[in-house]
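Here's the structure we're looking at; comments come further down.
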Amino acid sequence: MDRFELMRLLEAILFGTSEPLSERDLAARMPDDADIAGMLEELRGQYANRGVHLVQVGARWAFRTAPDLGPHLRLKKTVQRKMSRAALETLAIIAYHQPVTRAEIEEIRGVTTSRGTLDILLEAEWIRPRGRRRTPGRPVTWGVSDEFLDHFGLESVKALPGIEELKAAGLLDRRPGLGLITEEGQLTREETPDEPYEAVEPDAAIPLDE
Amino acid sequence: MDRFELMRLLEAILFGTSEPLSERDLAARMPDDADIAGMLEELRGQYANRGVHLVQVGARWAFRTAPDLGPHLRLKKTVQRKMSRAALETLAIIAYHQPVTRAEIEEIRGVTTSRGTLDILLEAEWIRPRGRRRTPGRPVTWGVSDEFLDHFGLESVKALPGIEELKAAGLLDRRPGLGLITEEGQLTREETPDEPYEAVEPDAAIPLDE
Amino acid sequence: MSDTPPDSPQRADQEPFEAAQPDYQAAMEDSLVLNLDGFEGPIDVLLTLARTHKVDITKISILGLAEQYLAFIQRAHALRLEIAADYLVMAAWLAYLKSRLLLPSTDDEDEPTGAELAARLAFQLQRLEAMRKAAGEVMERPQLGQDFYARGEPDPLIVDTTTEFSATLYDLLTMYAGIRERQGASTLQISPARLYSMDDALERLGKLLGHAPDWTTLSRFLPEGIGDDLMMRSAIASTFAASLELARQGKLQLNQSQTFAPIYLRARQEDTADG
């Protein structure tokens with residue numbers, strides 16, 4: 001198979017699938033010597049002006065209709081569950097601060113997370129556990145999923161709206177706020193106030209199943 | 001919207017719908033003055049060499065994988081599977097007692113055979129129906145296949161070790177009888193012939209399709 | 001509690017908060033207070049108060065905001081609304097913060113200064129406000145299935161799966177041996193012992209008696225050719241039992257001179273009385 005034929009095959013595989021495929025998924029379906037990364041870039045270029053785009057979502061690739069056509073596209077819309085303000089706020093915190101623990105989310109929001117908020121985000125497959133923080137209790141850290149990126153047409157977390165500005169303004173820093181005000185009437189902080197966030201781990205520093 | 005934009009829109013609609021669309025369906029989703037027929041032809045031409053074709057299915061239009069790529073889009077996968085104890089027991093009985101009906105297998109095993117057990121053996125292509133027994137209900141009789149002999153490296157079923165050989169090999173551990181009175185008055189087991197079985201019917205006594 | 005000393009020192013980072021409120025704003029405040037259940041905690045109230053007063057969150061006057069919050073809680077008290085503990089904790093903390101901001105700072109280095117505490121609160125409010133704004137911006141993006149679409153009619157992915165079953169001849173033979181063993185145990189039978197029965201003895205004795213008018217030992221009546229010890233013993237026992245039965249019926253006579261002496265028997269003699 002020459003490159004032209006390989007490109008056609010790659011196009012057919014991606015076009016025929018509605019779920020994004022990773023380079024590994026693609027490699028399993030292509031001849032061994034295929035330069036998948038290079039061909040993906042070339043294919044993306046070929047579709048750049050078309051009504052359908054080849055887009056990257058996290059580490060996966062998929063064809064999606066061009067976002068600028070949205071208002072003119074009269075296609076059946078999928079029914080979407082309406083999310084509570086608390087769920088959306090939590091989602092934004094997870095997306096912009098990931099990897100982030102539940103305690104940190106509560107610290108940022110200033111309230112305890114009600115049961116069901118993370119559940120709803122998990123059910124929507126928009127968040128995923130990423131690892132565990134090396135702090136007492138080894139809490140799970142959360143991040144957004146490829147489904148989240150796909151749903152909002154984001155290539156990666158770096159493409160989140162305003163993330164660079166927020167970072168520059170120091171608003172994504174792991175600095176303590178007031179701490180959590182509990183019903184018991186205490187201003188508490190999960191970590192020691194001296195170096196509250198020094199122990200932050202890189203993504204999946206501790207595997208979940210440890 | 002100029003023609004280029006209309007072409008993009010048409011492409012996106014055809015990509016995103018869940019079923020082929022007629023020109024009338026398309027007209028309902030496009031601005032009034034769009035030259036649908038002309039644009040469909042143009043779009044078909046643009047995709048002619050690609051991995052995906054725009055094809056007419058009856059009076060409707062849809063994107064379809066280029067037919068020449070079909071064979072390359074199939075993914076081959078080999079899954080290793082362990083046979084259940086029930087399946088192996090059933091297989092052994094079929095091998096030693098063939099041709100044997102399901103009811104006879106159950107009688108020998110002392111338990112009813114679940115539907116899936118024979119299915120798994122059939123899926124493995126280790127057994128095959130051999131005929132029908134001339135008894136009420138005319139049940140199917142089973143025997144082992146050439147694939148079975150291949151897999152277990154046997155020249156024929158006759159090469160299977162008999163009971164005495166199994167005993168000699170230590171696989172069949174018969175405990176001594178109980179309560180010796182005299183040699184004649186001893187408690188004995190039912191005599192087991194060394195020849196594994198006596199076929200009730202000759203092979204394919206009644207053809208299956210009868 | 002809510003009145004600010006008019007000549008309180010102001011710092012550079014604390015823009016004076018609008019203390020005097022027009023009437024329409026007071027009405028709005030009341031509706032805020034009555035909506036207490038709608039808030040997600042004191043931080044939410046603080047952010048809402050800041051928004052209500054159109055304060056730029058990045059240049060927020062914490063002192064002014066603290067006063068707004070304290071007024072809010074007072075108003076809730078006046079309206080006899082039930083106030084959750086965390087709102088009161090925040091009120092106490094803000095009152096403390098206010099005193100720290102207004103009083104000259106102590107030299108106690110362990111305690112954060114009023115400005116530091118205020119900065120912490122400001123950071124918390126700005127960060128949460130930023131996240132709320134970000135949530136809004138994310139939700140305003142084109143969404144899959146609403147504004148852009150995946151392939152509507154995906155080709156089914158064809159996966160040809162070959163299942164390879166693993167089983168060895170050993171597995172197979174062990175299984176079969178196991179079955180035969182189970183089967184053997186379930187059909188265990190007792191083969192009948194070969195014994196000389198009472199019926200046989202009666203029949204034989206009855207037939208032979210006619211041929212024995214004289215006293216004859218019992219052993220002479222036993223069947224011939226019994227080599228087996230058990231068979232012999234059973235024949236003796238059943239023949240003796242048969243002789244007793246026939247004597248009871250008056251068909252024969254028995255004689256034994258002493259214990260363990262040979263037993264003699266003969267057909268019944270009508271004319272002799274002894275037996």
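The chains referred to below are lettered A, B, ... by the order of the sequence lines, with proteins before strands, and numbering in each begins at 1.
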Heavy atoms from other residues, nucleotides or ligands near CD of B/Gln46 exceed 12 (cutoff 6.0 Å): yes
Verdict with supporting geometry, B/His72 and A/Glu5, side-chain contact (heavy atoms from CB on, under 4.5 Å): CA-CA 11 Å; B/His72 301 287; A/Glu5 286 301 301; over 6 Å; no
Engaged part of A/Phe4 at the chain B interface, taking heavy atoms whose separation is under 4.5 Å: side chain
A/Arg8 (side chain) donor-acceptor with B/Val52 (main chain) under 3.5 angstrom: no
Test side-chain contact (heavy atoms from CB on, under 4.5 Å) applied to A/Leu73 and B/Arg29, step by step: CA-CA 7 Å; A/Leu73 266 181; B/Arg29 287 153 200 259; over 6 Å; no
Neighbour count above 12 (heavy atom, 6.0 Å) for B/Asp68 CG: yes
Between CG on residue B/Leu10 and CG on residue A/Leu69, distance to nearest 0.5 Å: 11.0 Å
Pairs involving residues 41-58 of chain A, ordered by first then second residue, that meet salt bridge (Lys or Arg N to Asp or Glu O under 4.0 Å) (sequence neighbours left out): A/Arg3-A/Glu42, A/Glu41-A/Arg44, A/Arg44-A/Glu155, A/Arg50-B/Glu11
Exercise: identify the closest heavy-atom pair between A/Gly51 and B/Ala12: O-CB, 3.6 Å
Chain B neighbours within residues 118-126 of chain A, where any heavy atom lies under 4.5 Å away: none
Whether A/Phe15 and B/Phe15 hold their rings parallel, tilted or perpendicular, with breakpoints at 30° and 60°: perpendicular
Residue A/Leu43 versus chain B: region with a heavy atom under 4.5 Å: side chain
Option that, when pairs with chain A are counted at under 4.5 Å, heavy atom only, ranks first among B/His53, B/Met7, B/Arg64, B/Met1: B/Met1
Proximity breakdown for A/Asn49 and chain B, heavy-atom pairs closer than 4.5 Å: both
For A/Leu75 against B/Gly16, the heavy-atom pair lying closest together: CD1-CA, 3.9 Å
